[in-house]
2 protein chains.
Amino acid sequence: MKKVTMAEVAKHANVSKSTVSQYLNKRYDYMSKKTKQRIEQAIRELGYQPNFVARSLKQKKTSTIGVIVANILHTFSTQIIRAIEDVCHESDYHVIVCNADDDPDKEKKYIQMLMAKQVDGLIVFPTGGNINLYQSMVKEKFPLVFVDRIVSGLSVDTVILDNEAAAKLAVNHFIEKGYERIGIVTTSLIHNLTPRVERITGFIKAMEEHQMPIRDDYVRGMEVHLIKEGLREMYALDQPPQAILAGNDLALMEILTYAKENKITIPGQLALIGIDEVSFANIYNPPLTTVKQPVFQMGKKAAELLFRKIENPDPSGESRVHRFEPELIERESC
Amino acid sequence: MKKVTMAEVAKHANVSKSTVSQYLNKRYDYMSKKTKQRIEQAIRELGYQPNFVARSLKQKKTSTIGVIVANILHTFSTQIIRAIEDVCHESDYHVIVCNADDDPDKEKKYIQMLMAKQVDGLIVFPTGGNINLYQSMVKEKFPLVFVDRIVSGLSVDTVILDNEAAAKLAVNHFIEKGYERIGIVTTSLIHNLTPRVERITGFIKAMEEHQMPIRDDYVRGMEVHLIKEGLREMYALDQPPQAILAGNDLALMEILTYAKENKITIPGQLALIGIDEVSFANIYNPPLTTVKQPVFQMGKKAAELLFRKIENPDPSGESRVHRFEPELIERESC
DNA sequence: CTGTTAGCGCATTCAG
DNA sequence: CTGAATGCGCTAACAG
C-alpha cells in the first residue's frame with residue numbers, strides 16, 4: 001500500500017505542487033508544453049492517484065450523495081436507487097445507500113452519519129419519525145429531497161406518485177370488467193404513510209364516483225405477516241370480494257401466496273391488480289395486471305432536484321411536490 | 001448550511017481542541033467530570049457534528065469500502081450487496097456500490113475512482129478484463145476480495161459457489177425424476193466467466209457419471225436476447241430436450257417467457273431447474289425448483305475477509321478460494 | 001488531566 | 001508561466 005502524493009510528483013517533475021495541482025485541474029492556460037509533459041510523465045512513472053479526501057476537505061465538497069430508503073424490500077426502492085445511481089454516475093457523483101428498515105432511529109443514525117461524512121446532499125424516503133431532524137436540515141439549507149412520502153408542514157421538494165390516480169386506475173379497470181365486490185389490501189396503515197393512505201383514499205373516491213358500495217371488510221391495511229390471516233377473514237365472509245387491489249408489491253406477494261395455497265384461481269375466482277411493477281409480472285401465470293410507477297423518471301427527477309440544490313442553493317428555500325402519473329399495464333389477472 | 005468546528009466547541013467550552021478530540025474519541029481516562037460536562041454542553045448547544053472527511057484525511061482511513069458488481073441485473077448481485085451492506089453497517093463501515101455493467105472500462109474507471117476516494121478496501125465481481133490493474137492492486141497490497149469469479153494467476157481471496165456441484169445437483173435431480181434428454185441454457189460464454197464455464201463443466205461431468213449422452217444441441221450459451229432464438233432452435237429438433245437447466249436467473253426468465261409464449265407446460269412438457277434463487281420461485285405456477293446459493297453467508301464471508309485484510313494486512317499476501325455449497329430447493333417445476 | 005505543536009494531501013491566493 | 005505560503009478540520013505525540 002503506497003501513497004504517492006502531489007509533492008512527490010512535483011519533485012519528480014521539478015516543479016512545485018501548485019503547478020501539478022493546476023495541471024490536474026486542467027488549468028493549462030499558462031503552462032508550457034514541456035512542463036505539462038514532465039508532469040504527465042512523472043504521474044505515470046510514479047503511478048500517482050489524487051487523493052479525493054484531501055480535495056474534499058479543502059473544497060468542502062465530496063461529490064457524494066446519500067440515499068436513505070425507508071424499506072429496501074420494496075421493488076420500488078431498489079428501482080429508484082438504480083435510477084438515481086445511473087444519473088449520479090453520469091454526473092460523477094457517488095452514492096451511498098442506506099436502508100432505514102422503517103425504523104426512525106436507524107434513519108436518524110444514517111442521516112447523521114452521512115452528514116458527518118459530508119455528503120453534498122441527501123435523498124430520503126422519510127419514515128416520518130424524525131420531524132425535528134428534517135426541520136433542522138431545512139433550516140440549515142442542507143440539500144434534501146424526499147421521495148415517495150410527504151412530510152406535512154415541511155418545505156422539502158418531494159417526488160411522489162399520484163397515488164390516488166393509481167388506485168383509481170385500478171378501480172376503474174375492475175369496474176369496466178364488471179366486478180362489483182372490490183377490495184383493497186395493503187401493508188400496515190398505523191404510520192399513516194402517504195402512499196398507503198392516498199391509495200386507500202383514491203380507492204374510496206373511485207368507488208364512490210361509480211356509486212359502488214364500500215365495505216369496511218374489503219378495505220384492509222395490515223402488517224405483511226398478518227395479511228394472510230386478513231385474507232382468510234375476508235374469505236370467511238358470506239360474500240368474499242371478487243377483485244382485490246394489492247396496495248404494493250409486498251401485499252401482492254402475500255395475496256398471490258394465499259391464492260396459491262387455497263387454490264383460488266386468478267382471475268376466475270379473484271381478479272387482481274397490483275400497484276408497483278414486479279419483475280415477474282409478465283411471466284406469471286396468469287400475467288399480472290399492474291399499475292406501474294414511472295420509476296426511472298422519478299429517480300432521475302429526485303437526483304436532478306438535488307443536484308440543482310447542491311449547485312445553486314436557492315436562498316428562498318421554496319419547494320414543491322412533484323407528482324408523477326401512474327400507468328395501468330393490462331395483462332391477464334384482471 | 002452551517003459548519004461548527006471543533007475549534008468553536010473548544011472555545012465555547014474553554015478547553016483546547018485536543019481535549020475535545022479526546023472526548024470525542026472516548027478517551028475519558030484522565031478527564032475531569034467538569035470538563036466532560038462542559039464539552040458535552042457545548043456540543044449540544046452548538047449542534048456540533050464531527051467532520052468525517054477531516055478525520056479520514058488524518059487517519060488515512062475512511063471506514064468505507066467499495067463494491068463493484070459486474071452486472072447488477074442478476075438477483076445474485078443484489079442479494080450479495082444486501083448481505084455485504086448488512087455486515088458493514090454492523091461494523092460501521094459504509095458501502096459504495098458501482099455497477100460495471102460487464103464493461104472492463106467501466107470497471108477500471110470505478111476502481112480508480114474508489115481508490116482515489118480512499119476506500120479502505122474493495123470487493124469486486126471481476127469482469128476479468130483488467131488483469132494488470134488487479135495485479136498492481138495485489139502488488140500494493142490493497143485490500144481486495146473477489147466474488148463469483150476466479151481470475152487465474154492472481155493471488156486474491158475469492159468467494160464463490162461450488163458451481164460444478166450446483167450443476168450436478170440439478171442434473172442428478174433431473175435423472176432421478178427419469179428425464180433423459182437434458183439440456184443446459186445459459187448466458188454468453190464468450191468471456192469465459194467462471195460460473196458459466198464451471199456450471200457447464202459440472203453439467204457435463206454429471207451427465208457422464210450417469211452415462212447419459214451429451215448432445216451439443218442441448219448445451220447452449222448465448223447472449224440474453226438470443227436465448228429465445230436458441231430455444232426455438234432446440235424445439236425445432238426432432239427430439240427437443242425434456243428438461244433444461246437454466247444457468248442463471250436471466251436465462252431462467254427467458255426460458256419461462258419462451259415456455260409461456262409457446263404454451264409449453266412445466267413440468268409436463270419441460271422440466272425446469274434454475275440456478276439462482278428468484279423472488280417468485282415459490283409463488284410461480286408451478287413453483288420453481290431452484291439451486292440456491294448461500295448468498296448471505298457468501299456476502300458475509302466476503303466482507304469479513306476484506307475486514308481482516310484491512311485491519312491486519314497480511315504481509316505474506318496469501319490467498320485462497322472459498323467455495324460455498326449450493327442447495328437444491330425442490331418445488332414443482334421438476 | 002489539558003494545552004501546544006505539527007502535520008494529513010490538496011487547492012488557492014498572491015507574488016514573482 | 002511558476003512557486004511559496006496558508007489553511008481545510010481533525011488527530012497525535014509531547015509537554016506541561
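Sequence lines set the chain letters: A, B, ... in the order given, protein chains first and strands last, and positions in each chain run from 1. Since this is a predicted model, take the numbers as computed values, not measurements.
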Next item on the list: Can you sort out the partners of B/Val138 under side-chain contact (heavy atoms from CB on, under 4.5 Å), two or more places apart, ordered by chain and number?
Entry: B/Leu154, B/Val156
Next item on the list: Quickly work out the B/Gln49 CD to D/dC10 P distance and round it to whole Å.
Entry: 11 Å
Check: Just how far, in rounded Å, is C1' of C/dC1 from CZ of B/Arg38?
Finding: 12 Å
Next item on the list: Name all residues meeting the salt bridge (Lys or Arg N to Asp or Glu O under 4.0 Å) criterion together with B/Lys106; count only those two or more places apart in sequence or in a different chain, and write none if there are none.
Entry: B/Asp101
Note to self: Nearest whole Å is fine: how far is C/dT2 C1' from B/Lys11 NZ?
What the structure shows: 18 Å
Margin query: Does C/dC10 have its OP1 or OP2 closer than 4.0 Å to a side-chain nitrogen or oxygen of A/Tyr48?
Written below: yes
Next item on the list: Please list, chain by chain and in numerical order, all residues satisfying salt bridge (Lys or Arg N to Asp or Glu O under 4.0 Å) with B/Glu304, sequence neighbours excluded.
Entry: B/Lys300
Check: Should B/Leu122 and B/Met137 count as side-chain neighbours, where that means a heavy-atom distance under 4.5 Å?
Finding: yes
Atom pairs and distances, donor-acceptor, side-chain atoms in residues 44-52 of chain A, under 3.5 Å, two or more places apart:
| residue | atom | partner | partner atom | Å |
| --- | --- | --- | --- | --- |
| A/Glu45 | OE1 | A/His12 | NE2 | 2.8 |
| A/Glu45 | OE2 | A/Gln41 | NE2 | 2.7 |
| A/Asn51 | OD1 | A/Val53 | N | 2.7 |
| A/Asn51 | OD1 | A/Ala54 | N | 3.1 |

Hey, what are the protein-to-nucleotides 3-5 of chain C N/O distances that come in under 3.5 Å?
| residue | atom | partner | partner atom | Å |
| --- | --- | --- | --- | --- |
| C/dG3 | OP2 | B/Ser16 | N | 2.7 |
| C/dG3 | OP2 | B/Thr19 | OG1 | 3.2 |
| C/dG3 | N7 | B/Ser18 | OG | 2.9 |
| C/dT4 | O4 | B/Ser18 | OG | 3.1 |

Note to self: Rounded to whole Å, please give me the gap between CE in A/Met6 and P in D/dG3.
What the structure shows: 12 Å
Next item on the list: Would you please name every residue forming a side-chain contact (heavy atoms from CB on, under 4.5 Å) with B/Asp92, sequence neighbours left out?
Entry: A/Lys109, A/Met113
Check: Under a 4.0 Å N-O cut-off, is there an ion pair linking A/Lys309 with A/Asp157?
Finding: yes
Checklist line | Residues in contact with DNA chain C, drawn from residues 54-62 of chain B - heavy-atom cutoff 4.0 Å | finding: B/Leu57, B/Lys58, B/Lys60
Item checked: Five-pair end axes of the helix from C/dC1-D/dG16 to C/dG16-D/dC1, angle between them (10°) -> 40°
Next item on the list: For residues 48-62 of chain A, pull every pair meeting salt bridge (Lys or Arg N to Asp or Glu O under 4.0 Å), keeping only residues two or more places apart or in separate chains.
Entry: A/Lys61-A/Asp120
Note to self: Taking ring pair (Phe, Tyr, Trp, His ring centres under 6.0 Å) as the cut-off, I'd like each qualifying pair that reaches into residues 102-124 of chain A, sequence neighbours left out, listed once.
What the structure shows: A/Tyr110-B/His89
Check: Between B/Ser21 and D/dT11, does any side-chain N or O lie under 4.0 Å from OP1 or OP2?
Finding: yes
Next item on the list: Tell me, please, which residues at least two apart from A/Tyr93 pass ring-ring contact (aromatic ring centres under 6.0 Å, His included).
Entry: A/Phe307
Checklist line | Atom-pair distance (CD on B/Glu8; P on D/dG9), nearest Å | finding: 9 Å
Check: Quick one: A/Tyr23 OH to D/dC1 P, roughly how many Å, whole number?
Finding: 16 Å
Notebook entry, point to check: Once you round it to whole Å, what is the distance between C1' of D/dC8 and CG of B/Asn51?
Noted result: 9 Å
Report, one line per pair, each donor and acceptor closer than 3.5 Å where one atom sits in a side chain of residues 64-83 of chain B; sequence neighbours left out.
| residue | atom | partner | partner atom | Å |
| --- | --- | --- | --- | --- |
| B/Thr64 | OG1 | A/Lys117 | NZ | 2.5 |
| B/Thr64 | OG1 | B/Thr62 | O | 3.0 |
| B/Asn71 | OD1 | B/Leu73 | N | 2.8 |
| B/Asn71 | ND2 | B/Asp102 | OD2 | 3.2 |
| B/His74 | ND1 | B/Asp249 | OD1 | 2.9 |
| B/Thr75 | OG1 | B/Asp249 | OD2 | 2.5 |
| B/Ser77 | OG | B/Asn71 | O | 2.8 |
| B/Thr78 | OG1 | B/Thr75 | O | 2.7 |

Checklist line | Between C/dC8 (P) and B/Lys117 (NZ): distance, integer Å | finding: 22 Å
